[in-house]
Asker: 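I have a structure I would like to understand better, so I am pasting it below and will then ask my questions one at a time.
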Amino acid sequence: MALSSSPSTAAKGVVVPVPVLVLSASAAAIFLFFLLSSLSSSSSSICFCPAPTTGGTGGAAGTTGEPEVSGRFGERISPTAEDVKWVKDQIEENGLHMQDNVLRKGINPRTRAQQLEDLIQFKGISHYEGEESNNHTALACPGELLVEEHHSNYGEPWAGGRDVFEFLADSVHLSPDARVLEIGCGTLRVGLHFIRYLYPGHFHCLERDDLSLMAAFRYELPSQGLLHKRPVIVKGEDMDFRKFGSGMYDLIYASAVFLHMPDNLVWLGLERLANKLKPYEGQIFVSHNIKFCSRLGGEECTKRLNKLGLEYIGKHTHDSLLFNHYEIWFEFKRTKA
């Protein structure tokens, strides 16, 4: 008797109505969805990236304070002894030797003048003719710039621009968010490297020469893929910096510029520049010589500098990486607010 049960009781213990089953499955699915969403959102909030660093010298890996727009995070500026050894090892391992640059299969050495003549006469291997010739080039560049004649305007190899950048950037512990002003940037032999490294709009330049500015805007910036960096390059002279606004600079430099100016114009420029340097941090570097100062005599020069809130820090030299050459630089710093 204890084992007996009515049919109605047994049926109720086994059969689950279909609507109840569907409802239960739906509830389980909804619960699972919210559970997975919760786990996903919590895991996405956990960062497994390298911990951010502060400061930023620009001269060693992993030391910049913000992600670098133009390159790798913490990009190193100057090559190391290991970098130089690697290059020498590659040359040795491949059995390479410098050869005369003469005509051989696939190579037709040409001077810049010959390149320009070929460009004018033949227009390149493949080109458009007639009405189509002007419809396919968004920023047509003069042939003189295309064959890089302006690279020979400096009296020394174009590669020297990289040497100057590395020296200045390392000297001031440059970070990508710094603001830099070059007086007389020419065709951007040095400026290109600053523009590539700095955040957009952080490189400024005052230049007076039309041809140099055309080379910068119509060839160097487009060919180097740097148009998006929007450098502020202004045509002007007489040390007139009004078009640059009231922003403050971390670094101001003049490479082989002041020695071509009369002393009174250099001092006028320094007076205007001193107020554009960040107090206690901003630095000015002048290359080659500072005769505008030495001609006054040491004591008088110091007085004039102090009156401007500037202090002479010292003389520096740096060697070129690629050719037998060194440059002399003189450093000044703003000492007053």
Side-chain angles (χ1 to χ4, degrees), residues 70 111-113 115-116 119-120 137-169 179-198 200-245 249 251-262 265-266 268-269 272-273 276 284-289 292 320 322-323 325 327 329:
S70 60
T111 65
R112 296 195 192 280
Q115 290 180 51
L116 180 58
L119 187 62
I120 294 172
T137 304
L139 191 61
C141 184
E144 293 85 347
L145 302 182
L146 288 173
V147 300
E148 300 180 343
E149 285 188 341
H150 57 282
H151 283 194
S152 302
N153 292 349
Y154 289 89
E156 64 184 38
W158 178 262
R162 178 70 192 186
D163 296 322
V164 174
F165 165 71
E166 290 180 3
F167 164 72
L168 293 174
R179 296 172 62 85
V180 176
L181 169 65
E182 180 177 3
I183 304 167
C185 59
T187 57
L188 299 179
R189 186 176 74 123
V190 179
L192 283 174
H193 303 286
F194 278 101
I195 294 168
R196 183 177 293 110
Y197 182 79
L198 296 172
H202 280 222
F203 177 83
H204 295 185
C205 164
L206 182 70
E207 173 59 53
R208 61 178 294 181
D209 184 62
D210 280 47
L211 178 60
S212 295
L213 291 171
M214 287 293 283
F217 283 119
R218 299 192 65 177
Y219 179 77
E220 295 298 340
L221 290 173
S223 68
Q224 296 293 322
L226 295 174
L227 291 175
H228 69 285
K229 285 306 193 78
R230 299 294 195 272
V232 181
I233 302 174
V234 175
K235 181 184 177 182
E237 50 188 334
D238 296 333
M239 305 294 270
D240 185 356
F241 305 104
R242 287 175 294 181
K243 291 184 178 180
F244 295 106
Y249 295 102
L251 168 66
I252 298 174
Y253 69 96
S255 179
V257 173
F258 284 179
L259 67 165
H260 300 300
M261 293 182 178
L265 183 57
V266 174
L268 175 63
R272 294 170 175 172
L273 292 172
K276 289 184 169 293
I284 296 178
F285 281 82
V286 178
S287 74
H288 291 70
N289 66 63
F292 65 89
S320 170
L322 299 180
F323 60 107
H325 172 77
E327 282 198 1
W329 288 87

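For the single chain, residues carry numbers from 1 onward in sequence order.
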Asker: What are the two closest heavy atoms between W329 and S255, and how far apart are they?
Answerer: CH2-CB, 3.8 Å
Asker: For G245, does its backbone N or O pair with a side-chain atom of K276 as donor and acceptor, under 3.5 Å?
Answerer: yes
Asker: Which heavy-atom pair separates A216 from G186 by the least distance, and what is that distance?
Answerer: CB-O, 4.3 Å
Asker: Do any N or O atoms from the side chain of E182 and from the backbone of C205 form a donor-acceptor pair under 3.5 angstrom?
Answerer: no
Asker: Donor-acceptor pair, distance only, cut-off 3.5 Å: does the side chain of K235 make one with the backbone of D210?
Answerer: no
Asker: What's the shortest heavy-atom distance between V286 and N289, and which atoms?
Answerer: CG1-O, 3.9 Å
Asker: To the nearest 0.5 Å, how far apart are CG in L221 and CG in L192?
Answerer: 6.5 Å
Asker: Just checking R112: does its CZ atom have more than 12 heavy atoms from other residues, nucleotides or ligands closer to it than 6.0 angstrom?
Answerer: yes
Asker: State the CG-OH distance between L273 and Y249, to the nearest 0.5 angstrom.
Answerer: 9.0 Å
Asker: When you measure from the side chain of S287 to the backbone N and O of A256, does any donor-acceptor pair fall under 3.5 Å?
Answerer: yes
Asker: Can any side-chain N or O of R196 pair as donor or acceptor with the backbone N or O of K229 at less than 3.5 Å?
Answerer: no
Asker: From I252 CD1 over to L181 CG, what is the distance, rounded to the nearest 0.5 angstrom?
Answerer: 5.0 Å
Asker: Listed by chain and number, what are the ring pair (Phe, Tyr, Trp, His ring centres under 6.0 Å) partners of F244, not counting sequence neighbours?
Answerer: H204
Asker: If you measure from CG on D209 to CD on E237, what distance do you get to the nearest 0.5 Å?
Answerer: 10.5 Å
Asker: Starting at OG of S223, measure out to CZ of R218 and round the result to the nearest 0.5 Å.
Answerer: 13.0 Å
Asker: Do the ring planes of H151 and W158 sit parallel (below 30°), tilted (30 to 60°) or perpendicular (above 60°)?
Answerer: parallel
Asker: Please name the pair of heavy atoms, one in I233 and one in L213, separated by the smallest distance, quoted to 0.1 Å.
Answerer: CG2-CD2, 3.5 Å
Asker: side-chain contact (heavy atoms from CB on, under 4.5 Å), that's the test. Do F292 and L265 meet it? Break it down for me.
Answerer: CA-CA 9 Å; F292 65 89; L265 183 57; over 6 Å; no
Asker: Report yes if some heavy atom in the side chain of E327 is under 4.5 Å from a heavy atom in the side chain of F167; otherwise report no.
Answerer: no
Asker: Output side-chain donor-acceptor pairs under 3.5 Å for residues 137-150, partner residues at least two apart or in another chain, one line each.
Answerer:
from : atom 1 : to   : atom 2 : distance (Å)
E148 : OE2    : Y219 : OH     : 2.5
H150 : NE2    : E220 : OE2    : 2.7

Asker: With under 30° as parallel and over 60° as perpendicular, where do the rings of F194 and F203 fit, or are they tilted in between?
Answerer: parallel
Asker: Distance-only, no hydrogens or angles: does the R272 side chain make a donor-acceptor pair with backbone N or O of M239 under 3.5 Å?
Answerer: yes
Asker: Would you compute the distance between atom CG of L322 and atom CG of D163 and round it to the nearest 0.5 angstrom?
Answerer: 6.5 Å
Asker: How about L226 and L188: do any of their side-chain heavy atoms sit closer than 4.5 Å?
Answerer: no
Asker: Please name the pair of heavy atoms, one in G201 and one in V232, separated by the smallest distance, quoted to 0.1 Å.
Answerer: O-CG2, 4.2 Å
